[in-house]
Protein chains: 2
Amino acid sequence: MSRRRVTLADVARTAGVSSTTASLVLSGRGSELRISTAVQDRVRTASSELGYRPNIVSIGLRKGTTRTLGLVSDTVATGQMAGDMIKGAIEAARDLGFMLFIGETEGDPAIESALIDAMQDRQVDGIILTSMFTRTRAVPEALERVPTVLLNTLPAGPTRAPAVVPDEVAAGRAAARLLIDAGHREIHLVGAGPGPHDVPPDTVAGVERLAGILEVLEAEGLTPASGHLCDDWAPPQGWAATHELLRQHARPRAIVCFNDRLAFGTYQALQEAGLRIPQDVSVVSFDNYPMADWLRPGVSSFAIPHEELGRRAVELLIARITARAAGTGDAEVPAGDADRAEPVTGDVHRLPLPLRARGSVAPA
Amino acid sequence: MSRRRVTLADVARTAGVSSTTASLVLSGRGSELRISTAVQDRVRTASSELGYRPNIVSIGLRKGTTRTLGLVSDTVATGQMAGDMIKGAIEAARDLGFMLFIGETEGDPAIESALIDAMQDRQVDGIILTSMFTRTRAVPEALERVPTVLLNTLPAGPTRAPAVVPDEVAAGRAAARLLIDAGHREIHLVGAGPGPHDVPPDTVAGVERLAGILEVLEAEGLTPASGHLCDDWAPPQGWAATHELLRQHARPRAIVCFNDRLAFGTYQALQEAGLRIPQDVSVVSFDNYPMADWLRPGVSSFAIPHEELGRRAVELLIARITARAAGTGDAEVPAGDADRAEPVTGDVHRLPLPLRARGSVAPA
DNA sequence: GGTCCGTGCTAAATCGGCTTAGCACCACGA
DNA sequence: TCGTGGTGCTAAGCCGATTTAGCACGGACC
């Protein structure tokens with residue numbers, strides 16, 4: 001058993017033809033170029049008998065394409081989100097015959113730039129720039145020359161890269177609508193509000209969820225019964241905010257928590273106060289962390305479609321790559337000065353957050 | 001601004017030398033091969049002025065090495081584990097100048113084999129085979145010819161690949177020891193036990209944690225006060241098992257939960273029964289999920305060192321790769337028949353699970 | 001004057017596939 | 001007999017680096 005890989009030359013030799021012929025046959029251009037069926041069969045037989053697989057590195061050198069994508073993330077370890085988003089990306093890539101490099105920058109621009117270089121050195125066909133919490137950022141110069149897609153990230157300036165993000169405004173609207181449709185008119189907010197600017201810094205999710213909620217309330221002629229800005233959206237803050245809420249309003253009837261971890265704290269505080277969910281208080285939340293299912297009763301939560309986000313980003317990216325390869329892509333800067341920077345702002349794809357209804361909401 | 005990458009030939013032309021010379025200088029063999037310092041300076045200046053970066057694809061073709069590793073996982077989305085383990089792997093790879101392909105098989109052998117092929121096609125220098133929960137499995141034939149490391153996985157048969165796994169037996173011992181040292185003699189188990197074979201199928205963690213616990217109890221002349229095998233280690237099962245436990249023993253004093261999700265259920269059941277932690281009952285657990293910190297009081301939990309596991313696997317793999325490249329590696333099958341399958345079982349590296357002490361354990 | 005040697009650099013092959021240009025052969029018509 | 005054109009296949013260059021083999025030059029020595 002040979003240690004060496006089987007090369008095209010081996011196949012050609014076995015089939016008794018030149019490697020040119022073997023290449024043509026195996027790339028499906030045999031008939032087009034009038035290679036006889038007898039020879040085509042010989043080549044294909046030899047190829048499968050030897051277990052030939054083309055060396056993608058070689059193709060990469062010749063054609064400049066490697067069927068490989070790079071995913072640059074700020075951090076990989078933030079909760080479930082990361083895993084699911086990356087899972088979606090990996091699956092989509094695999095389905096389309098691509099492999100995925102994953103890199104993380106820890107938020108350090110120097111690492112980011114080194115990472116992008118390292119990926120370019122390996123001739124990736126495109127790059128996904130992602131963040132583990134939705135945010136706005138500038139797209140590095142180096143990426144304007146490569147097919148790029150932003151994932152869970154909005155561009156700070158003009159760029160040709162499209163973005164894929166969760167539709168948080170719609171989710172905010174839906175959350176408010178859910179409680180209002182259940183007959184609630186007095187709605188408390190835990191995590192942000194009551195004013196439209198009362199949000200933790202740099203959280204797109206905070207701004208947009210709040211905007212959606214306020215929009216619906218306003219349409220009903222309402223304002224939040226109370227709002228409690230939390231600097232961090234974790235259980236202790238949820239507990240403290242709810243505790244404070246209960247001090248001001250002894251009997252709240254409906255609470256929107258800005259994420260499930262806050263809701264966890266809210267549950268603890270409500271339980272300690274002897275209030276039952278949902279009989280006394282309805283609670284709705286966002287993110288749909290696994291935890292949402294573990295609480296009793298489970299929290300009705302709007303699920304960030306992580307996997308779908310990752311998948312969409314890869315599909316978009318590969319579509320751009322193939323379009324570019326076909327010459328119809330946006331890479332074809334209209335004849336003339338190739339330097340005429342013409343950064344059309346890329347599309348923004350917003351994916352819905354479906355409601356995972358559990359038992360935490362009851363009619364007023 | 002040119003669209004094309006800067007190549008070695010560009011550097012050579014700018015410096016007025018041959019590309020051979022440029023290559024020698026930049027690879028640090030200039031002095032060794034008596035290139036004058038003047039020329040060396042010219043080359044280096046040209047290189048940095050042009051922003052030259054070697055094309056790794058080309059190097060891959062020529063040398064067969066790509067400074068790239070592949071990580072093949074059964075699934076990426078299982079909880080926090082995946083993220084942290086992959087994070088550790090990615091960081092270690094980056095620190096050592098490697099990039100990482102990530103692929104997931106969903107447990108399908110066909111996908112697994114396709115994935116390994118796809119990585120080999122891209123000339124990866126080595127492969128990490130990993131599972132998101134510790135388990136035992138056979139190593140695919142195809143991997144015996146590539147530097148391979150098993151991560152969170154034990155080999156079912158003989159193989160030359162080393163394995164990196166958490167030291168669950170030691171953690172089991174430590175958990176039992178923790179309670180005994182606090183004065184407890186009556187210890188209940190939630191998740192597995194009381195007999196050494198009462199574990200969910202295919203869980204290495206279950207078998208080993210239990211073995212460690214029983215070993216220490218036995219040394220003290222004890223057996224578990226009770227044991228409750230759960231088919232799935234999730235909160236509802238933890239709740240049910242604890243409920244059952246309370247039916248049999250009204251006032252348990254110490255419980256070992258086999259993971260934090262079970263502990264979550266145990267907390268709920270104990271609270272419902274009006275028992276306080278740790279005043280009435282001490283609880284200790286494993287995994288150190290983020291949740292362990294959110295419960296009140298936090299659960300003292302033995303942390304699986306995910307990040308460290310991932311990091312170690314990469315470091316081991318790269319060490320093997322460089323050893324092999326240097327000719328001192330195990331790849332050098334002793335002269336003679338290269339086929340003499342000589343599968344020395346690789347080393348098993350067991351990493352400790354440090355205790356994250358919180359407030360859930362009190363003296364008896 | 002010719003040979004030998006050390007110095008300092010380069011030509012050319014190589015890795016494995018794709019791709020352009022073109023060759024050898026045969027049949028047919030003038 | 002000689003083109004002419006179609007058929008079926010191949011030689012050779014290329015991608016961008018590494019690496020082997022060796023060239024040109026000048027000085028020392030016999």
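Below, chains carry the letters A, B, ... as their sequence lines are ordered, and counting in each starts from 1.
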Interface polar pairs with nucleotides 25-28 of chain C, N/O, under 3.5 angstrom:
none

Rounded to the nearest angstrom, tell me the gap between atom [atom1] in [X] and atom [atom2] in [N].
X: Asn55(B); N: dT18(D); atom1: CG; atom2: C1'; result: 13 Å
X: Arg122(A); N: dG16(D); atom1: CZ; atom2: P; result: 17 Å
X: Arg29(B); N: dA17(D); atom1: CZ; atom2: C1'; result: 13 Å
X: Leu8(B); N: dG16(D); atom1: CG; atom2: P; result: 11 Å
X: Asp10(B); N: dG16(D); atom1: CG; atom2: C1'; result: 10 Å
X: Gln123(A); N: dG17(C); atom1: CD; atom2: C1'; result: 15 Å

(message) Please determine whether a side-chain nitrogen or oxygen atom of Tyr52(A) lies at a distance below 4.0 Å from atom OP1 or OP2 of dG17(C).
(response)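 Yes, within the criterion.
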(request) Could you tell me which residues satisfy side-chain contact (heavy atoms from CB on, under 4.5 Å) with Glu49(A), sequence neighbours excluded, listed by chain and number? (result)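 Residues passing side-chain contact (heavy atoms from CB on, under 4.5 Å) with Glu49(A): Thr45(A).
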(request) Under the side-chain contact (heavy atoms from CB on, under 4.5 Å) rule, collect the residues that match up with Asp10(A), sequence neighbours excluded. (result)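 If we apply the side-chain contact (heavy atoms from CB on, under 4.5 Å) test to Asp10(A), skipping adjacent residues, the hits are Arg4(A), Val6(A), Thr7(A), Arg13(A), Leu50(A).
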(request) Check whether the side chains of Asn152(B) and Thr130(B) place a donor and an acceptor atom closer than 3.5 Å, and report yes or no. (result)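 No.
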(message) Between Thr68(B) and Gln123(B), is there a side-chain donor-acceptor contact under 3.5 Å, judged purely by atom types and distance?
(response)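 Short answer, no.
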(request) Compute the bend angle of the helix from dG1(C)-dC30(D) to dA30(C)-dT1(D) from the end axes (five pairs per end), rounded to 10°. (result)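 Both end axes considered, the difference amounts to 100°.
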(request) Count the heavy atoms of every other residue, nucleotide or ligand shown that sit under 6.0 Å from CZ of Arg311(A), and state whether that count exceeds 12. (result)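 More than 12 within 6.0 Å, yes.
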(request) Check whether more than 12 heavy atoms from other residues, nucleotides or ligands sit under 6.0 Å from atom CZ of Arg122(B), and answer yes or no. (result)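 Counting other residues, nucleotides and ligands, CZ of Arg122(B) exceeds 12 neighbours.
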Any side-chain heavy-atom pair of [X] and [Y] under 4.5 Å:
X: Glu307(A); Y: Glu91(A); value: yes
X: Arg94(B); Y: Glu106(A); value: yes
X: Leu129(A); Y: Glu112(A); value: yes
X: Asp121(A); Y: Arg67(B); value: no

(message) For a quick check, with a 4.0 angstrom heavy-atom cut-off, what is the B/S/- contact string for nucleotides 5-15 of chain C, read 5' to 3'?
(response) --BBSBBBBBB
(request) Identify whether any heavy atom of Ile59(B) sits under 4.0 Å from a base atom; if not, whether one sits that close to sugar-phosphate; answer base, sugar-phosphate or nothing. (result)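 Sugar-phosphate only.
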(message) Suppose the criterion is ring-ring contact (aromatic ring centres under 6.0 Å, His included): which pairs have a residue in residues 91-131 of chain A, not counting sequence neighbours?
(response)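 ring-ring contact (aromatic ring centres under 6.0 Å, His included) check on residues 91-131 of chain A returns Phe101(A)-Phe101(B).
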